[in-house]
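As the structure lists them, so they are numbered: ligands from 1, and atoms in each ligand from 1.
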Amino acid sequence: MYPELKPYVVLITGGASGLGLAAAHGFAKEGATIVIADLQEAAAKSVAQQLGSQHLGLACDVADEAQVNHVVDTVIKKYGRVDVLINCAGIADRVKPTVEQDMMHFRRLLDIHLTGTYMMTKACAVHMLKQGKGNVINISSIAGVIGLTYRNAYSAAKAGISMITRTLGCEWGAAGIRVNAIAPGYILTPLVQAIVDEGLLDKSVVERRTPMGHMGEPRHIADAMLFLASDQAAFITGVTLPVDGGYTSWGAPSDAYTGD
Ligand code: NAD
């Protein structure tokens, strides 16, 4: 669909599961070379192996600067370049009243989502600036746009990701590096399934609140990533694209979808 993506080296954090995994399959289908950097080393390696011998799976905690730098060094040593970075690693917030939340979790969540995105982008940008070309796709969330109670750390991290998407998109616009984000709505991945299974999220309530009447699928996000990385998005930078079935557009005091 996008032949220009074929020679690209695409580094995907959190690529062993969910949205990152869908991205790995989507970009591999376009012929790109995929590097998966994930906390789950075995899963990262197994996905890379399934995709084919040119791909690579690496262990990485994106909250650890030394590990982040090691991953980017490894990619550059092996492939000589990094064309697309997808910052997809993430964990869910603990859905608890604020006064019961603990600081360790708050800090860890910001470290993974916001600081992890920042450190990985910074490390890749050193090489993208030399290449005079590069593409960063961050994963924000509807939680970074609208107020969802109990989800302080997650929401603050996602809003922060959208803001560094703007600042970096502006800083590197003339240098050939585009930086964009996607704000997914509820997408049925292992992360969301776990929240549903724990009884913390009622799927039918989400469906009624979503104008399109259903949760999204990982491929919907992967399709938006492919578009943003492609030449079709050549003049788009610094934006957060909602891919949420209309969730954040809805403002009426009633269900958005009634099944009619
Ligand atoms: P997922 O749990 O299926 O996948 C997340 C992946 O990130 C896993 O493979 C996990 O091992 C990895 N990971 C977690 N912590 C890591 C760390 N410190 N370092 C490296 N890898 C780490 O979840 P998902 O639903 O695919 O979520 C991916 C991203 O999308 C997250 O940033 C999440 O906040 C965001 N998001 C998801 C939804 C949704 O509805 N699924 C909506 C909005 C935003």
Non-hydrogen atoms of [X] versus ligand 1: any pair closer than 4.0 Å?
X	value
T13	no
G216	no
Q67	no
M215	no

Counting heavy atoms only, which of [options] is nearest [atom]?
atom	options	answer
atom 30 (O) of ligand 1	D61, T117, V68, I139	I139
atom 23 (O) of ligand 1	L109, V47, L191	L191
atom 20 (C) of ligand 1	A37, C60, A157, S140	C60

Look only at the side chain of [X] and the backbone of [Y], and say whether a donor-acceptor pair between them is shorter than 3.5 Å.
X	Y	result
D255	T258	no
N138	T165	no
E4	D231	yes
K6	G31	no
S140	K158	yes
R178	A233	yes
Q131	K133	yes

Do [X] and [Y] have side-chain N/O donor and acceptor atoms under 3.5 Å apart?
X	Y	value
E171	T167	no
N87	T121	yes
N152	T98	yes

Where is the nearest protein heavy atom to [atom]: which residue, which atom, and how far?
atom	answer
atom 16 (C) of ligand 1	L39 CD2, 3.7 Å
atom 34 (O) of ligand 1	Y154 OH, 2.6 Å
atom 42 (C) of ligand 1	G185 O, 3.2 Å
atom 32 (O) of ligand 1	K158 NZ, 3.0 Å
atom 5 (C) of ligand 1	G90 O, 3.7 Å
atom 3 (O) of ligand 1	S17 OG, 2.7 Å
atom 25 (O) of ligand 1	T189 OG1, 2.5 Å

Given that the side chain starts at C-beta and the backbone is N, CA, C, O, which of these parts of [X] lies under 4.0 Å from ligand 1, counting heavy atoms, or is it both or neither?
X	value
Q193	neither
A92	neither
L188	neither

Check whether Y257 forms a cation-pi arrangement with R209 (NZ or CZ under 6.0 Å from the six-membered ring centre, at most 45° off the ring normal). no
May I ask you to check if R81 and Y79 form a cation-pi contact, with NZ or CZ under 6.0 angstrom from the six-membered ring centre and within 45° of the axis?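 Relative to the ring axis of Y79, which defines the angle, R81 lies outside at least one limit.
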Going by the order shown, which atoms of ligand 1 are within less than 4.0 Å of some heavy atom of [X]?
X	value
I112	18 (N)
Q40	8 (C), 9 (O), 10 (C), 11 (O)
C88	28 (C), 29 (C), 31 (C), 32 (O)
L19	26 (O), 30 (O), 37 (C)
G18	3 (O), 26 (O)
Y186	40 (O)
I187	39 (C), 40 (O), 41 (N)
A89	7 (O), 20 (C), 21 (N), 22 (C), 32 (O)

Backbone or side-chain N or O of [X] under 3.5 Å from ligand 1 N or O:
X	value
S141	no
V62	yes
D38	yes

Check whether any side-chain heavy atom of L11 lies under 4.5 Å from a side-chain heavy atom of V84, and answer yes or no.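 A side-chain contact is absent here, since even the closest heavy-atom pair is not under 4.5 Å.
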Can you tell whether the side chains of R108 and D61 come within less than 4.0 Å, N to carboxylate O? yes
One should read off an interatomic distance between L21 CG and C88 SG, to the nearest 0.5 angstrom, of 10.0 Å
May I ask you to decide if the ring planes of H113 and Y154 are parallel, tilted or perpendicular, using 30° and 60° as cut-offs? perpendicular
